[in-house]
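Only one structure is covered here, and it is reproduced in the block below.
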Protein chains: 2
Amino acid sequence: MSQPSPSFDQLQVLLAIVEAGSFSGAARRLNRAQSAVTYAVQRLEEQLGTALFDRASYRPTLTEAGRTLLPRARLIIDEMRALCDHAQGIAAGLEPELTVIVDAMFPMCALLDALRTFGVRFPTVPPRIYVESLGGASELLLNGTCAVGLLLSFSSEFELLQRQHLSDVTVIYVAAASHPLSWIEGPVPRAELRRHVQLVLSDRSGLTGTRDYGVLSPQTWRLADLGAKHAMLKAGLGWGGMPAHLVAEDLAAGRLRRIVIQSEAGGDDFITLPLCTAYHRDRPPGPAGRWLLDHLSEIIEADPARTTAD
Amino acid sequence: MSQPSPSFDQLQVLLAIVEAGSFSGAARRLNRAQSAVTYAVQRLEEQLGTALFDRASYRPTLTEAGRTLLPRARLIIDEMRALCDHAQGIAAGLEPELTVIVDAMFPMCALLDALRTFGVRFPTVPPRIYVESLGGASELLLNGTCAVGLLLSFSSEFELLQRQHLSDVTVIYVAAASHPLSWIEGPVPRAELRRHVQLVLSDRSGLTGTRDYGVLSPQTWRLADLGAKHAMLKAGLGWGGMPAHLVAEDLAAGRLRRIVIQSEAGGDDFITLPLCTAYHRDRPPGPAGRWLLDHLSEIIEADPARTTAD
DNA sequence: CTTCTCCATCTGAAAGTTTGATCATGTCTC
DNA sequence: GAGACATGATCAAACTTTCAGATGGAGAAG
């Protein structure tokens with residue numbers, strides 16, 4: 001019973017008629033004969049099983065069915081146009097999609113800013129964002145899952161990744177306001193730190209090896225997710241390092257307190273980790289990926305404060 | 001340069017191939033010759049300007065372009081199928097859409113329940129909901145904007161509307177906890193009420209005429225929107241009647257207090273307004289509208305508490 | 001009343017699509 | 001490793017769909 005589905009072209013004719021207000025007007029607009037338009041509409045109506053236009057009056061007017069079906073037709077046409085644009089972009093050398101791996105420590109708001117512009121500049125390249133920590137992040141670049149990465153550049157596998165330094169992220173030590181360490185006035189002696197559980201971001205990939213960064217306590221809980229670490233810090237389950245921009249709000253609101261570590265030689269009481277853009281040498285990104293990395297460099301160069309606060 | 005857009009049929013072939021895993025499998029599934037499938041894919045690839053399948057291996061595999069384009073194709077096909085279903089529903093006598101006018105006093109959650117089932121039962125009839133108060137509601141039925149209505153049945157124009165009683169909504173008088181009337185212990189004398197501003201739901205349609213319901217104070221503020229009245233009551237700007245089910249939460253939380261009116265003859269201290277379904281006699285609803293009204297009757301008959309609480 | 005524009009219909013011609021046969025190639029079974 | 005089997009590309013012929021151009025009736029405009 002169901003006739004072959006309406007063709008895409010028929011829907012375009014339908015739209016053209018509605019916009020032009022008449023069959024022959026649509027024919028002129030489409031550079032076709034009026035009889036072709038009439039024919040297309042007749043076939044469409046036949047396939048849908050319902051009249052779309054009321055020809056009783058001089059100007060054809062949409063029936064109620066036509067009126068409610070119209071938005072669906074418009075949607076289909078828009079989607080088809082998007083598909084064609086997408087394909088055309090691919091044909092012109094753009095990536096079909098852009099997979100991005102972001103280290104959880106990376107200042108997300110800089111990336112979001114960049115992606116906003118990216119969406120306008122490359123509407124046909126849908127981005128796909130992965131978030132991982134430490135070695136897990138570079139692994140996605142190495143195994144080809146992601147085309148470009150925004151990473152911490154201390155990882156060990158230098159050879160295969162092409163990297164470019166971006167900026168630094170500041171990691172400070174914090175604990176919940178309810179945590180015993182918060183009660184101590186002034187710098188905290190290292191001996192005291194060792195008596196409390198430290199929450200350490202870990203890494204199931206094994207790529208960062210056994211090296212640990214900033215681990216001061218013998219009692220550690222390992223977490224593979226920075227969000228989970230954040231939550232456990234706020235819950236008072238331990239102390240540990242966090243990127244400054246991720247805890248600024250909690251510090252201001254008093255939910256977390258900064259822990260200043262008593263240092264032997266008056267050294268820094270925070271850690272600076274270098275951020276970088278990266279991609280696999282064997283699979284350099286296309287124009288869209290290239291643009292995203294360059295644009296991020298510009299953004300962060302223009303406003304380095306992003307990585308330390310907000 | 002841009003060839004004529006791909007046809008809908010070509011996308012279907014694309015999907016069939018992906019599902020079947022081979023060209024000839026797709027051909028069997030579509031009851032067509034294998035050469036037709038090959039031809040369709042070739043044309044599609046030519047029109048899109050990019051290869052979709054990698055034929056190097058025995059089984060054709062999607063290229064990256066094909067993989068990212070596939071969801072778009074699927075979406076278009078689904079939308080087209082929805083359009084056809086919609087049209088088929090219309091052809092079978094269903095309404096193209098169902099416009100419903102709901103009185104603001106009507107217990108919305110009963111309608112939401114009904115609409116949930118409605119969406120499953122009539123996936124091709126998109127509902128369109130209007131909310132108005134009093135005469136404004138029946139007016140939309142009378143002028144043909146809406147096919148069915150859920151109204152208070154005290155309005156005056158009986159002749160043109162076909163109505164069916166549903167249930168009653170209980171209107172009680174309330175004031176904010178901060179309002180002077182809330183401070184009075186026990187029933188409030190009418191003389192006291194007259195000294196405070198009463199918020200009265202009004203009606204710009206003029207259909208309910210000059211009749212007022214439950215207006216007790218000479219000082220009135222008229223509001224055409226029940227939500228606004230609710231907000232102003234909570235802000236303590238006056239006292240007034242509200243459907244019990246809309247203020248139950250506020251009463252429980254103490255934001256609003258009920259006002260019991262001292263009555264001369266021990267009468268009720270609340271108002272009962274009859275609810276009804278309605279439609280214009282000249283434009284009876286189709287199957288979908290009919291179903292919605294009947295189903296609402298059943299729901300409310302099964303659980304009349306909906307209209308008084310929750 | 002004339003002229004213009006509108007849409008439906010008819011016709012043959014052009015374009016697009018399908019079929020069935022054939023071929024080269026890759027996979028599976030024994 | 002040989003034969004059976006399945007796959008995709010290609011081609012020509014039959015077929016279907018779509019198109020342009022001409023014609024006619026009906027409403028709108030002057």
Side-chain angles (χ1 to χ4, degrees), chain A residues 1-63 65-66 73 77 80 84, chain B residues 1-63 65-67 70 73 77 80 84:
Chain A
M1 51 177 63
S2 181
Q3 304 295 96
S5 311
S7 86
F8 177 64
D9 180 68
Q10 287 163 342
L11 297 185
Q12 268 181 318
V13 170
L14 170 64
L15 271 234
I17 295 173
V18 172
E19 282 169 26
S22 76
F23 284 29
S24 27
R28 277 189 297 269
R29 172 183 305 225
L30 297 170
N31 295 315
R32 290 204 254 182
Q34 167 259 320
S35 60
V37 172
T38 297
Y39 175 73
V41 173
Q42 283 174 340
R43 286 231 52 188
L44 183 58
E45 289 180 325
E46 175 190 342
Q47 284 161 347
L48 293 179
T50 177
L52 296 173
F53 289 97
D54 178 15
R55 281 94 154 171
S57 51
Y58 184 53
R59 298 275 178 178
T61 53
L62 278 171
T63 61
I77 290 197
M80 182 66 92
C84 290
Chain B
M1 52 181 65
S2 183
Q3 301 299 93
S5 311
S7 87
F8 177 64
D9 179 68
Q10 288 164 342
L11 297 186
Q12 267 180 320
V13 170
L14 169 63
L15 269 238
I17 295 173
V18 172
E19 282 168 27
S22 76
F23 284 29
S24 24
R28 278 189 298 269
R29 174 183 301 225
L30 296 171
N31 296 314
R32 290 202 256 183
Q34 167 258 320
S35 55
V37 172
T38 297
Y39 175 73
V41 173
Q42 284 173 339
R43 286 230 45 184
L44 183 58
E45 289 180 326
E46 175 190 341
Q47 285 161 348
L48 293 179
T50 178
L52 296 172
F53 289 98
D54 178 15
R55 280 93 155 173
S57 51
Y58 183 52
R59 298 276 178 179
T61 53
L62 279 171
T63 60
R67 209 161 31 70
L70 190 64
I77 290 199
M80 181 65 94
C84 291

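To find a chain, count down the sequence lines: A is the first, B the second, and so on, and within it residues start at 1.
For A/Arg29 and C/dC6, the CZ to P distance is 13 Å, given to the nearest whole Å. Atom P of nucleotide C/dC6 and atom CZ of A/Phe53 are separated by 14 Å, given to the nearest angstrom. Atom P of nucleotide D/dT7 and atom OH of B/Tyr39 are separated by 23 Å, given to the nearest angstrom. Taking atom CZ on B/Phe8 and atom P on C/dG16, their separation rounds to 21 Å, with Å as the unit. Atom CG of A/Leu30 is separated from atom P of D/dT18 by 15 Å (rounded to the nearest Å). The CG-C1' distance, from A/Asn31 to D/dA20, rounds to 13 Å in whole Å. C/dA15 atom P lies 16 Å from atom CG of A/Asp9, rounded to whole Å. Separating the CG atom of A/Leu52 from the P atom of C/dC7 is a distance of 15 Å, rounded to the nearest angstrom.
At the phosphate of C/dA8, OP1 or OP2 sits under 4.0 Å from a side-chain N or O atom of A/Thr38. In terms of phosphate contacts, B/Arg55 brings a side-chain nitrogen or oxygen within less than 4.0 Å of OP1 or OP2 of D/dA9. Contact annotation: B/Arg32 does not reach the phosphate of C/dT19 (side-chain N/O to OP1 or OP2, under 4.0 Å). OP1 or OP2 of D/dT7 has at least one side-chain nitrogen or oxygen of B/Arg28 nearer than 4.0 Å.
Residues meeting the salt bridge (Lys or Arg N to Asp or Glu O under 4.0 Å) test with A/Arg55, sequence neighbours left out: A/Glu45. Applying the side chain to side chain contact (heavy atoms under 4.5 Å, CB included) rule to B/Gln34 yields the partners B/Ser24, B/Ala27, B/Thr38; only residues at least two apart in sequence or on another chain are considered. By the ring pair (Phe, Tyr, Trp, His ring centres under 6.0 Å) test, A/Tyr39 is found to be paired with no residue, residues two or more places apart in sequence or in another chain being considered. By the salt bridge (Lys or Arg N to Asp or Glu O under 4.0 Å) test, B/Arg59 is found to be paired with no residue, residues two or more places apart in sequence or in another chain being considered.
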Query - Intermediate values then yes/no, side chain to side chain contact (heavy atoms under 4.5 Å, CB included), B/Phe53 and B/Leu62 - result: CA-CA 4 Å; B/Phe53 289 98; B/Leu62 279 171; 3.6 Å; yes
With a cut-off of 3.5 Å and sequence neighbours excluded, list every side-chain donor-acceptor pair involving residues 7-20 of chain B.
{"unit_1": "B/Ser7", "atom_1": "OG", "unit_2": "B/Asp9", "atom_2": "N", "d": "3.2"}
{"unit_1": "B/Ser7", "atom_1": "OG", "unit_2": "B/Gln10", "atom_2": "N", "d": "3.2"}
{"unit_1": "B/Asp9", "atom_1": "OD1", "unit_2": "B/Arg32", "atom_2": "NH2", "d": "2.8"}
{"unit_1": "B/Asp9", "atom_1": "OD2", "unit_2": "B/Arg32", "atom_2": "NH1", "d": "3.3"}
{"unit_1": "B/Asp9", "atom_1": "OD2", "unit_2": "B/Arg32", "atom_2": "NH2", "d": "3.3"}
{"unit_1": "B/Gln10", "atom_1": "OE1", "unit_2": "B/Ser7", "atom_2": "N", "d": "2.8"}
{"unit_1": "B/Glu19", "atom_1": "OE1", "unit_2": "B/Arg29", "atom_2": "NH1", "d": "3.1"}

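The side chain of A/Gln42 lies closest to C/dT9 when the candidates are C/dG16, D/dC19, C/dT9.
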With 3.5 Å as the limit, what N/O pairs link the protein to nucleotides 21-27 of chain D?
{"unit_1": "D/dG21", "atom_1": "O6", "unit_2": "A/Ser35", "atom_2": "OG", "d": "2.9"}

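Note on the helix from C/dC1-D/dG30 to C/dC30-D/dG1: terminal axis deviation equals 40°, with five pairs used at each end and the result rounded to 10°.
Looking only at distances, no side-chain donor or acceptor of B/Thr63 sits under 3.5 Å from a matching main-chain atom of B/Asp54.
Closest of all the heavy-atom pairs between A/Ala51 and A/Ala65 is O-CB, 4.0 Å. Across A/Leu48 and A/Pro6, no two heavy atoms sit closer than the pair CD2-CG, 4.0 Å.
DNA chain D lies under 4.0 Å from at least one heavy atom of each of the following residues of residues 17-26 of chain B: B/Ser22, B/Phe23, B/Ser24.
The line from CG of B/Leu44 to OG of B/Ser5 is 11.0 Å long, rounded to the nearest 0.5 Å. B/Arg28 CZ to B/Leu30 CG: the interatomic distance, rounded to the nearest 0.5 Å, is 11.0 Å. The CD atom of A/Gln47 sits 4.5 Å away from atom CZ of A/Arg43, with the distance rounded to the nearest 0.5 Å.
A residue-by-residue look at B/Arg59 and A/Arg59 shows that A/Arg59 has its nearest nucleotide of DNA chain C further toward the 5' end.
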